[in-house]
2 protein chains.
Amino acid sequence: MSDRAAKGSPTLEDVAREAGVSRATVSRVINGIRNVDPEIQQVVRQAIADTGYIPNRAARTLVTRRAGDVALVVSGAGEEGAGAGLPGDPFFGRIAGGVVGYLRPRGMYPVLMLADSDEARRQVVGHLRQGHADGALLVSTHAADPLPRQLAAAGLPAVLFARPARPAPVSFVDLAHQDGARLAADHLVARGCHRVGTVTGPLDVLASQDRLTGFRDAMARHGHPYVPAAEGNFTLDSGEAAMHRLLAEEPALDGVFVANDLMAQGALHALRETGRDVPGDVAVVGFDDSSAALACRPALTTVRQPIEEMAAEMTRLLLDLIETPGRRPTSVIFEPSLVVRQSA
Amino acid sequence: MSDRAAKGSPTLEDVAREAGVSRATVSRVINGIRNVDPEIQQVVRQAIADTGYIPNRAARTLVTRRAGDVALVVSGAGEEGAGAGLPGDPFFGRIAGGVVGYLRPRGMYPVLMLADSDEARRQVVGHLRQGHADGALLVSTHAADPLPRQLAAAGLPAVLFARPARPAPVSFVDLAHQDGARLAADHLVARGCHRVGTVTGPLDVLASQDRLTGFRDAMARHGHPYVPAAEGNFTLDSGEAAMHRLLAEEPALDGVFVANDLMAQGALHALRETGRDVPGDVAVVGFDDSSAALACRPALTTVRQPIEEMAAEMTRLLLDLIETPGRRPTSVIFEPSLVVRQSA
DNA sequence: AAGGAGCGGGAGAGCGCTTTCCGGTTGTGT
DNA sequence: ACACAACCGGAAAGCGCTCTCCCGCTCCTT
């Protein structure tokens, strides 16, 4: 122990010598591959403990060609467009939480990468190919993100959060946005709202489109063929502005579905400014069940996305893909649920 | 090209053959170490381009004993205590943003690790020692986090975000919390507030203590020997409750300093509920300049922490430490600034 | 009783890279 | 001119691990 303390951490070789067996045997014990005499196993384990041996990841990766962790790529964050992306986006934290929650019990960790420019995307692909990670979890904030294709072209396993705008043979998880919108519509109608509008997200985002069409379809089924809509871009300010526009078009509005909670918070401000009571005069339903929903007064009734579970599933799919490279792309769609609070 | 396409990605050997030089020379060109004849360099670069060579990270790590990335460890997130930790904490996103911003130009990425239990902490230390990362950036949400010491004991380079509760020979970055509190006090006094109180963060957190004492000291210098305080735990609800308590003690309050924006948002709710106008009746100053500050109506006047810069500096310190192992611990303290909006 | 299947263990060949050591060439000082 | 240094490129030794062979043993089969 004293002699090898000088030469850095112990290696397999050291353990083997200590246990009086070969490197191969120690490796087998560690990796639980093939049968090894229980007695020898015991000796080896003792030797491992005695030497304080810790396997060297790089050496293992070199021969197995497995890095043993995955990349969590946030694409298109800082570029022009909606939310601030990574910073301040509570979404990101929840996704990361779900990913880490699934990975950790398996002794893996995500490598965080941002791809907010073409240059950055190139770098990300390059690093993945260097073996930094075995695959990528991709969260695109942009509709036309080229990264999914680039990853596919490089033959790198990848799973997306949200269906890609341009169809591609890639696995993904997503939410049944239309069903969520329907939940909101049903709730507003059940409350007795007659003049209902909606504040949408940026319409170049699929999720926004789905929420809008889902909402309109559901309202149509309830006998409301026309639903006024104002487009926002998922930020609080844009929600406030959109709400004002909606009120200008339909001053007698008594119910509104807002495509995310942050904009709903802005809508609440607009409603208060114009002297309307929520939920007395106007009922408001948000989307996401983010922390913003609880920060609102009145607290927001909202459509919940099970982000953490979705992130965990996304991770599961990726590990599957890494495990079985030939596997065909899969998609898993989650069902949203309505969380009723004070605003509607 | 055709023959080696079959056997996976090209290696140094392939490039060397293509360029008609030895592996060593190619390696030297790639790493820019020692002088290599410019002409040969050109040939090698061409060969690299032709073969589409990408260096294998594991092999490089194995011999250089450098992983080439760092861990971003969030410690004590899910455990009992204040904020939800990672999920939903906008802080985390901003820190991550600052870290990635500094790392990316250097071709590095952070590995995200959560340490929310003793078991998890053990795992984190283990993985770092396996060579997963060369050092750790540690964000502790808990006062008495054992991780800094464990890392130090394992001889792993580490830099903390925020001064550790128990003094330790570790580098860290922090904010001059007292100065921030003074900024708030000066502003409130300048506005003509006479009856001023404060909502503090959890007092087992150093930052909370500093903000409180800083605020009290500054108010004392302005001739206000006593400042009523109510303790919150950095959540919106706790801020609202604390504000109510403060109002009970001092109904004629005309100014309040709240130790973070989220609680300030709650305080705003309490003030509105009790029929007080902000800033007319009561001026409110928050802390952090987080996204919550902008979500408030009126928008929050707040003390800004340059989180991104702090995170970048933290990263710089860590890379320094990795570069020069013997280096002594350093600390860098950032100065806050006041962002004046509508609430005060 | 003899042949073969099955199993547990060791030897050793790499995985792809960096880096020391060496030899040959060219430049420099006296 | 000659010794010496500086410089550049190649050969080769690993870094620590996995995994394929291979060998010797036991045990079952016929």
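Lettering follows sequence order; numbering is per chain, from 1.
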In whole angstrom, what separates [X]'s [atom1] from [N]'s [atom2]?
X        : N      : atom1 : atom2 : value
A/Ile30  : D/dT18 : CD1   : C1'   : 11 Å
A/Glu13  : C/dG10 : CD    : P     : 12 Å
A/Asn56  : D/dG14 : CG    : P     : 18 Å
A/Arg17  : C/dG9  : CZ    : P     : 20 Å
B/Arg129 : D/dG16 : CZ    : C1'   : 16 Å
B/Ile33  : C/dC17 : CD1   : P     : 17 Å
A/Ile54  : D/dC15 : CD1   : P     : 19 Å
B/Leu12  : C/dT19 : CG    : C1'   : 12 Å

Whether the side chain of [X] engages the backbone of [Y] through a donor-acceptor N/O pair (distance < 3.5 Å, no angle test) should be reported.
X        : Y        : answer
A/Ser27  : A/Arg23  : no
B/Arg104 : A/Leu114 : yes
B/Arg121 : B/Pro146 : no

Taking only the side-chain heavy atoms of A/Asn31 (C-beta and beyond), determine which of D/dC17, C/dT18, D/dT18 contains the nearest atom.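 Per side-chain heavy atoms of A/Asn31, the pick is D/dT18.
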So which pairs with a foot in residues 122-143 of chain A pass salt bridge (charged side-chain N to carboxylate O under 4.0 Å, His left out), sequence neighbours left out? A/Glu119-A/Arg122
Checking B/Asp145 against B/Ser75: is there a side-chain donor and acceptor pair closer than 3.5 Å?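 The criterion, which ignores hydrogens and geometry beyond distance, is satisfied for B/Asp145 and B/Ser75.
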side-chain contact (heavy atoms from CB on, under 4.5 Å) between B/Ile322 and B/Val70, intermediate numbers included: CA-CA 10 Å; B/Ile322 292 171; B/Val70 302; 3.9 Å; yes
Which residue pairs pass the side-chain hydrogen bond (donor to acceptor under 3.5 Å, both in side chains) test when at least one of the two sits in residues 317-332 of chain A, sequence neighbours left out?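 Sorted pair list comes back empty.
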Results of salt bridge (Lys or Arg N to Asp or Glu O under 4.0 Å) for A/Arg163 - residues two or more places apart only: A/Asp210
Treat primed atoms plus P, OP1 and OP2 as sugar-phosphate and everything else as base, then score nucleotides 5-10 of chain D 5' to 3': B for base contact with protein heavy atoms under 4.0 Å, S for sugar-phosphate contact only, - for none. ---BBB
So which of residues 60-69 of chain A are in contact with DNA chain C, with a heavy-atom cut-off of under 4.0 Å? A/Leu62, A/Val63, A/Arg65
Do any side-chain atoms of residues 151-160 of chain A form donor-acceptor pairs under 3.5 angstrom with protein atoms, and if so which ones, sequence neighbours left out?
none

Quick one: is B/Ser27 getting a side-chain N or O under 4.0 Å of the C/dC17 phosphate, OP1 or OP2?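 For C/dC17, neither OP1 nor OP2 has a side-chain N or O of B/Ser27 closer than 4.0 Å.
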